[in-house]
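Data first, discussion second: the structure below is written as structure tokens.
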Amino acid sequence: MSLYYQPSNKMPLGGILLFLLGGVLASAVLAFIYIYAIWYIPFVYINVFICLGFGLVLGGILLMLARAGKLRSPAGAGLLGLLVGLAAVYLEWSVYLTLLLNSETTGTGRSADTSTSFSKSMFVDVFTHPAAMWEAIGKINETGTWSLKGATASGGFLWFVWVVELLIILGGAYLLARAQADEPFSELTNEWADEETLAHPVTYAHDIGQTRTALESGQFQALAPHVAESGVAPFARLKLHRVANDPGCQFLTLENVTPKVDDKGKASESTDSVVEHLIISAGTYDDLKQRFGTAPAPSATAPRETATVE
């Protein structure tokens with residue numbers, strides 16, 4: 001028997017249909033927003049962040065759909081995420097080609113001005129002819145439609161840019177959908193486990209392997225309260241997962257946290273997993289809640305922001 005939560009790999013038909021229909025609908029809306037944004041924002045570097053936003057928002061929506069549909073197969077949810085991601089890429093290219101083919105340019109050089117409008121009939125024509133779409137993409141690659149530092153992007157470099165765009169969109173869809181399917185779920189009560197981050201930080205696990213072995217063998221006394229010496233002192237964060245009506249559904253996640261403050265005073269943190277979704281008993285769950293469930297009292301010697309970070 002595994003020491004960690006193992007997904008059942010169940011994929012309800014209703015959940016699959018919800019995921020696909022909802023995902024394609026969201027893809028259509030996001031495709032329009034994305035293409036219009038990069039069409040009217042003439043800054044290539046900003047467009048990179050717009051693309052990242054597209055991938056993350058689509059992935060976030062798929063995560064919620066996987067949760068609503070109770071998809072518990074990480075591989076299955078990831079595959080469905082890839083299908084929706086491909087649909088999103090196809091839709092955004094359909095919108096882009098519609099605007100491009102329906103555009104008009106007046107003037108020349110720096111005084112040139114390009115206007116366009118969306119045509120439903122042209123969109124349907126583009127959308128329903130994938131071979132013609134691929135041919136048009138190839139022609140665009142030969143000539144390019146935008147420039148970087150005065151040079152028109154085309155050929156191999158433009159293919160590279162398009163592949164990166166594809167990977168960002170597919171990556172967001174795949175990773176976030178798969179991540180939700182890997183979360184603890186109670187087959188007894190047919191519901192996802194609630195997650196709670198305990199308020200009191202735990203001492204940083206300097207030897208991750210040793211700490212993991214101790215926890216796997218039930219030595220939870222190895223977890224000690226963290227005593228903050230500064231606002232940037234590393235600590236560990238303890239999360240508990242539970243379904244209240246399922247006595248066999250309690251899990252523990254522990255991650256090391258390293259706070260950082262840059263030269264401008266902006267705070268951030270990096271995390272490193274120690275254990276994730278380790279099975280624990282109801283008694284251990286209650287004991288950990290009692291030990292680490294209350295935030296530490298503010299220290300008179302520690303900076304005030306320490307309690308906020310932790």
Could you work out the complete set of other residues in the hydrophobic cluster of L17, with links drawn between I, L, V, M, F, W and Y side chains under 4.5 Å apart? L13

Donor-acceptor check, side chain of [X] to backbone of [Y], threshold 3.5 angstrom: yes or no?
X: R212; Y: V274; result: yes
X: T203; Y: P225; result: yes
X: N47; Y: I50; result: no

Please evaluate residues F235 and Y204 with respect to the criterion ring pair (Phe, Tyr, Trp, His ring centres under 6.0 Å), reporting the C-alpha separation (whole Å), side-chain torsions for both, the decisive distance (0.1 Å), and the verdict. CA-CA 4 Å; F235 62 95; Y204 187 86; 8.6 Å; no

Quick one: pull up [atom1] in [X] and [atom2] in [Y] and give me the separation to the nearest 0.5 Å.
X: D246; Y: N190; atom1: CG; atom2: CG; answer: 11.5 Å
X: R67; Y: F185; atom1: CZ; atom2: CZ; answer: 9.5 Å
X: C249; Y: L188; atom1: SG; atom2: CG; answer: 9.0 Å
X: L215; Y: L252; atom1: CG; atom2: CG; answer: 6.5 Å

Does any part of the side chain of [Y], heavy atoms only, come nearer than 4.5 Å to the side chain of [X], both counted from C-beta?
X: L58; Y: S27; value: yes
X: P12; Y: L71; value: yes
X: N256; Y: I208; value: yes
X: K120; Y: M122; value: no
X: L97; Y: V126; value: yes
X: W192; Y: K70; value: yes
X: L254; Y: T211; value: yes
X: T197; Y: L240; value: no

With sequence neighbours excluded, residues passing ring-ring contact (aromatic ring centres under 6.0 Å, His included) with Y174: none

[atom1] of [X]: more than 12 outside heavy atoms within 6.0 angstrom?
X: Q290; atom1: CD; answer: no
X: E216; atom1: CD; answer: yes
X: Y4; atom1: OH; answer: yes

Can you tell me how the ring of [X] sits relative to the ring of [Y], calling it parallel under 30°, perpendicular over 60° and tilted otherwise?
X: F123; Y: F32; answer: tilted
X: W93; Y: W162; answer: perpendicular
X: W159; Y: W134; answer: tilted

For a quick check under 3.5 Å, do [X] and [Y] share a side-chain donor-acceptor pair by atom type?
X: E187; Y: S8; answer: yes
X: S117; Y: N102; answer: yes
X: Y5; Y: E276; answer: no
X: H241; Y: T253; answer: yes

Taking the six-membered ring of Y285, is the NZ or CZ of R242 close enough (under 6.0 Å from the centre) and on axis enough (within 45°)? yes

Apply the test side-chain contact (heavy atoms from CB on, under 4.5 Å) to residues D272 and E255: give CA-CA distance (whole Å), side-chain angles for both, the deciding distance (0.1 Å), then the verdict. CA-CA 5 Å; D272 189 14; E255 60 183 11; over 6 Å; no

What are the two closest non-hydrogen atoms of [X] and [Y], and how far apart are they?
X: A173; Y: L62; value: CB-CD1, 3.5 Å
X: T189; Y: N245; value: CG2-O, 3.8 Å
X: F292; Y: P201; value: CD2-O, 4.3 Å
X: A77; Y: A181; value: CB-CB, 3.7 Å
X: H226; Y: P234; value: CE1-O, 3.3 Å
X: C51; Y: E165; value: SG-CG, 3.7 Å

How far apart are the C-alpha atoms of Y36 and F118, what are their side-chain angles, what is the distance that settles it, and do they pass the ring pair (Phe, Tyr, Trp, His ring centres under 6.0 Å) test? CA-CA 10 Å; Y36 270 89; F118 182 79; 7.1 Å; no

Take E135 and M133 through the side-chain contact (heavy atoms from CB on, under 4.5 Å) test and state the conclusion after the steps. CA-CA 5 Å; E135 183 179 353; M133 178 191 293; over 6 Å; no

If you measure from the Lys or Arg side-chain nitrogens to the Asp or Glu carboxylate oxygens, is any gap between R178 and E183 under 4.0 Å? no

